Novice: 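Take this structure first; my questions come after.
Just so you know, these numbers come straight off a predicted model, no measurement behind them.
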Amino acid sequence: MTSSWYSQPCAEPSAEARQSAIAHQLELTKPPGSLGRLENIATEFAAWQNDLFPVCERILIRVFAGDHGVCNQQVSAFPQAVTAQMVNNFVAGGAAISVLARELNADFAAVNTGLVEVIKDAPGLVNQPIALGTADFTDAAAMSTGELNEALILGREVINGATVNCKADDKPHLFIGGEMGIGNTTSASALYSAYLGLNAAQTVGPGTGVDAEGLQRKITAIEQALDRHQAKLTDPVEALAALGGFEIVALVGAYIRSAQ
């Protein structure tokens, strides 16, 4: 696939800032390592922000949602209507991430990348579906090249157009991305298998709670997809189009843009 904005290099964490932060930790009045993982997090934030004293006040949270055609293979314990229900719950403030976002005073929104059900516009919702769900990747590629690019750009523009604490010129100190969609663990497991060279049985789990028969259906669906799209799996972008979901692809675009 032709190189584009998403193939541009991301900013490297500052090794100098990391080492300065580590040295600073050793100067503080406390036993070395006594704060456990908090010390590692602090030094990594220093590296990411290239600042000895990093801050984490402006937080941007986006949950990308989409439906998956592979649900035709009965790989989920729940119907796809649940995706739309969850998105409405995110927007209404009833989900756990909604509560956490409020506690953090974070800029929060859900993003409809391609639900099967049409949902109404609402505050806190970016309602820009690529299509009404992806195709069943056991029969065809989950999405076309054009749809893949649309989803990547949607994720990029969610970052580009984000405002934090109502100030358009404020860049977030931290971006937290999430995804939701019935059938998405089947897509994620397929991508893991493709990228890591693992078979489906090694990457598949029960997801939201399928039984043993449902688990076997997931394994079978992924094996069929890996076999069908084998020629595309050596290219990471083509593999993403063949096996991904709109919400997964948009999340990729968002993370790339936030790191550039």
Side-chain angles (χ1 to χ4, degrees), residues 1-12 48 60-71 83 87 90 97 107-116 118-119 121 124-137 140-164 171-172 174-196 225-226 228-229 231-260:
M1 185 169 288
T2 304
S3 177
S4 187
W5 62 271
Y6 51 78
S7 10
Q8 300 306 308
C10 295
E12 292 285 341
W48 294 332
L60 179 69
I61 303 176
R62 292 292 182 267
V63 177
F64 297 86
D67 279 314
H68 295 258
V70 72
C71 285
T83 308
V87 170
F90 291 140
I97 187 61
D107 182 326
F108 173 80
V111 184
N112 174 14
T113 69
L115 273 61
V116 168
V118 176
I119 57 176
D121 292 336
L125 174 65
V126 179
N127 201 11
Q128 296 184 24
I130 308 300
L132 300 180
T134 57
D136 182 347
F137 62 39
M143 64 194 76
S144 67
T145 300
E147 289 172 332
L148 173 87
N149 285 323
E150 282 188 62
L152 285 168
I153 290 170
L154 174 57
R156 181 190 71 186
E157 294 308 305
V158 162
I159 299 297
N160 285 346
T163 59
V164 182
K171 293 183 178 180
L174 175 66
F175 167 62
I176 300 173
E179 45 75 40
M180 193 276 153
I182 297 301
N184 62 1
T185 59
T186 304
S187 177
S189 295
L191 288 168
Y192 270 119
S193 290
Y195 291 144
L196 301 179
L226 294 174
R228 175 176 289 276
H229 304 294
K232 300 178 179 180
L233 302 185
T234 55
D235 183 290
V237 180
E238 290 189 3
L240 191 57
L243 304 173
F246 292 136
E247 82 285 18
I248 294 173
V249 176
L251 186 60
V252 170
Y255 271 124
I256 291 172
R257 184 61 185 137
S258 68
Q260 285 178 331

Novice: Are Met180 and Thr83 close enough, and set up right, to give a side-chain contact (heavy atoms from CB on, under 4.5 Å), and what steps lead you there?
Specialist: CA-CA 7 Å; Met180 193 276 153; Thr83 308; 3.8 Å; yes

Novice: Minimum heavy-atom separation for Val87 and Ala110, please, with both atom names.
Specialist: CG1-CB, 4.3 Å

Novice: Minimum heavy-atom separation for Gly245 and Met143, please, with both atom names.
Specialist: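 The pair with the smallest heavy-atom distance is C-CE, 3.7 Å.
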
Novice: Measuring from atom CG of Leu191 to atom CD1 of Ile248, what distance do you get when rounded to the nearest 0.5 angstrom?
Specialist: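 Here the interatomic distance stands at 5.5 Å.
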
Novice: Are Tyr192 and Leu243 close enough that some pair of their side-chain heavy atoms sits under 4.5 Å apart?
Specialist: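 Of all side-chain heavy-atom pairs linking Leu243 with Tyr192, none is under 4.5 Å.
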
Novice: How far does CD1 of Ile159 sit from CD1 of Ile256, to the nearest 0.5 angstrom?
Specialist: 11.5 Å

Novice: Is any side-chain heavy atom of Glu150 closer than 4.5 Å to one of Ile153?
Specialist: no

Novice: Side chains of Asn112 and Gln128: donor-acceptor distance under 3.5 Å anywhere?
Specialist: no

Novice: Out of curiosity, Leu132 CG to Phe246 CZ, how far, rounded to the nearest 0.5 Å?
Specialist: 9.0 Å

Novice: How close do Arg62 and Phe108 get, heavy atom to heavy atom, and via which atoms?
Specialist: NH1-C, 3.5 Å

Novice: OG1 of Thr134 to CD of Glu247: how many Å apart, nearest 0.5 Å?
Specialist: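 Here the rounded value is 8.0 Å.
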
Novice: Identify the heavy atoms of Leu154 and Val111 that sit nearest to each other, and give their distance.
Specialist: CD2-CG1, 4.2 Å

Novice: Do side-chain atoms of Asn184 reach the backbone of Gly181 as a donor and acceptor pair under 3.5 angstrom?
Specialist: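 Looks like yes, one N/O pair under 3.5 Å.
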
Novice: Other residues, nucleotides and ligands only: do more than 12 of their heavy atoms fall within 6.0 Å of OH on Tyr255?
Specialist: yes

Novice: Within the structure provided, determine whether Ser187 and Val70 are in side-chain contact (heavy-atom separation under 4.5 Å).
Specialist: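 Contact flag for Ser187/Val70 side chains = no.
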
Novice: Within this structure, what is the OG1-CD distance for the pair Thr145 and Glu238, rounded to the nearest 0.5 Å?
Specialist: 7.0 Å

Novice: Check whether any side-chain heavy atom of Leu174 lies under 4.5 Å from a side-chain heavy atom of Leu60, and answer yes or no.
Specialist: no

Novice: Could you walk me through whether Leu251 and Thr113 satisfy the side-chain contact (heavy atoms from CB on, under 4.5 Å) test, starting with their C-alpha distance in whole Å, then the side-chain angles of each, then the deciding distance to 0.1 Å, before giving a yes or no?
Specialist: CA-CA 10 Å; Leu251 186 60; Thr113 69; over 6 Å; no

Novice: Side-chain contact, heavy-atom cut-off 4.5 Å: Phe137 with Thr186?
Specialist: yes

Novice: Over all heavy atoms of both residues, which pair between Ala141 and Ala135 is shortest? Give the atoms and the distance, please.
Specialist: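 Taking every non-hydrogen atom into account, O-CB, 3.4 Å.
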
Novice: Could you grab the distance from atom OH of Tyr6 to atom CD of Gln260, nearest 0.5 Å is fine?
Specialist: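 Result: 12.0 Å between the selected atoms.
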
Novice: Which heavy atom of Val249 sits nearest to which heavy atom of Ala151, and what is that distance?
Specialist: CG1-CB, 3.6 Å

